[in-house]
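See structure below.
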Amino acid sequence: MDMIFYVDDDTLIVSLSGEIDHHIVPKLRSDIDDEIGLCGTRDLIFDFAGVEFMDSSGIGMVLGRYKKVHATGGRVTIRNAGRLVKQILDMSGVFTLMEYEDTEPET
Amino acid sequence: MKKNYIKTEFEALPQNQGFARAVVSAYAAAKDPTVEELTEIKTAVSEAVSNAIIHGYEKKGKGRILMEMEELEPDKLLIRITDYGIGISDVKRAMEPLFSGLPEEEMSGMGFTVMESFMDKVLVEAKPGEGTVVTLIKCLDTYYDL
């Protein structure tokens with residue numbers, strides 16, 4: 001599991017790759033929260049382009065960050081999720097709260 | 001007589017989720033599933049094993065998880081995940097979407113929902129104080145040679 005952060009104006013972009021499960025999620029959660037605190041950005045983008053596997057632990061991670069960002073008036077966007085990752089997020093209604101976008105051509 | 005029966009037992013530690021996925025993936029790959037089917041199986045197993053690790057035992061990391069795999073039919077796989085922990089007092093409620101046994105920990109409560117969406121059958125047997133058995137059945141789309 002790797003995570004790269006980019007800052008674009010008032011947006012923090014979290015680029016995730018590898019496998020996301022309950023083992024790794026607590027670390028991702030605290031790293032993202034630390035980074036938000038450090039950068040002071042308002043909006044957040046999760047980029048799933050490099051994610052090979054994700055189970056329902058990813059839902060909690062995304063929703064938890066949404067609550068934080070939303071509380072301070074920010075928006076959360078999901079980007080480049082594969083079909084199954086999208087399906088898992090969709091099961092809990094994540095996309096009623098957040099926007100989805102594709103920025104990479106599907107391979 | 002069980003066909004191509006394999007079992008593995010491991011400690012209920014979070015880092016073994018990846019191990020369980022790798023094992024089931026290697027087992028199912030022999031049946032020549034589609035990439036999507038393989039991911040569905042891995043995801044469902046990941047959910048069941050996560051449940052056993054996170055909720056199965058009172059003392060975290062103290063306990064064992066048994067994973068059994070079996071071919072029911074050439075294109076039908078059974079995967080059974082057993083823990084010997086605290087069990088579930090209300091299985092029906094635990095399986096409801098968004099139900100979480102640990103609401104304060106940012107759990108989505110979607111584990112069983114994911115299992116049910118990705119597998120053809122999900123059976124849960126639990127006895128308080130004795131443990132939980134989750135049985136997953138997946139039918140693979142098979143294309144026979146023409």
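Chain letters run A, B, ... following the sequence lines, proteins first and then strands; every chain starts at 1.
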Are B:Leu72 and B:Leu123 in one and the same hydrophobic cluster, where Ile, Leu, Val, Met, Phe, Trp and Tyr link if side-chain heavy atoms are under 4.5 Å apart?
no
Between CD1 of A:Ile88 and CD of B:Glu40, what distance do you get to the nearest 0.5 Å?
9.5 Å
Note: A:Glu19 and B:Lys42 closest approach over all heavy atoms is OE2-NZ, 4.0 Å
Please answer: with hydrophobic residues joined when any side-chain heavy atoms are less than 4.5 Å apart, are B:Leu78 and B:Val134 in the same cluster?
no
Are more than 12 heavy atoms, taken from residues, nucleotides or ligands other than A:Arg75, located less than 6.0 Å from that residue's CZ atom?
no
Between A:Glu52, A:Met54, A:Met91, the one whose heavy-atom pairs under 4.5 Å with chain B are most numerous:
A:Met91
I'd like to know if B:Met119 and B:Leu38 are part of one continuous hydrophobic network [Ile/Leu/Val/Met/Phe/Trp/Tyr, side-chain heavy atoms within less than 4.5 Å].
no
Looking at CG of A:Asp55 and OG1 of B:Thr39, how far apart are the two atoms once the value is rounded to the nearest 0.5 Å?
12.5 Å
With side chains defined as the heavy atoms from C-beta onward, is the minimum distance between A:His23 and B:Ile53 less than 4.5 Å?
no
Using a strict threshold of under 4.0 Å (side-chain N to carboxylate O), is an ion pair present between A:Lys67 and B:Glu106?
no
Separation between CG of A:Asp21 and CD of B:Gln17, rounded to the nearest 0.5 Å:
4.5 Å
Give the minimum heavy-atom separation between A:Ser56 and B:Ser108, together with the two atoms involved.
O-OG, 3.3 Å
In terms of heavy-atom contacts, does CD of A:Glu99 have more than 12 from other residues, nucleotides or ligands at under 6.0 Å?
no
Flag yes if more than 12 heavy atoms outside B:Glu9 fall under 6.0 Å of its CD atom; otherwise flag no.
yes
Taking every non-hydrogen pair under 4.5 Å, which of B:Glu47, B:Arg21, B:Glu36 racks up the most with chain A?
B:Arg21
Would you give the length of the straight line joining atom CG of A:Leu84 to atom OG1 of B:Thr43, rounded to the nearest 0.5 angstrom?
6.0 Å
Taking NZ in B:Lys76 as the centre, count heavy atoms belonging to other residues, nucleotides or ligands within less than 6.0 Å. Is the count above 12?
no
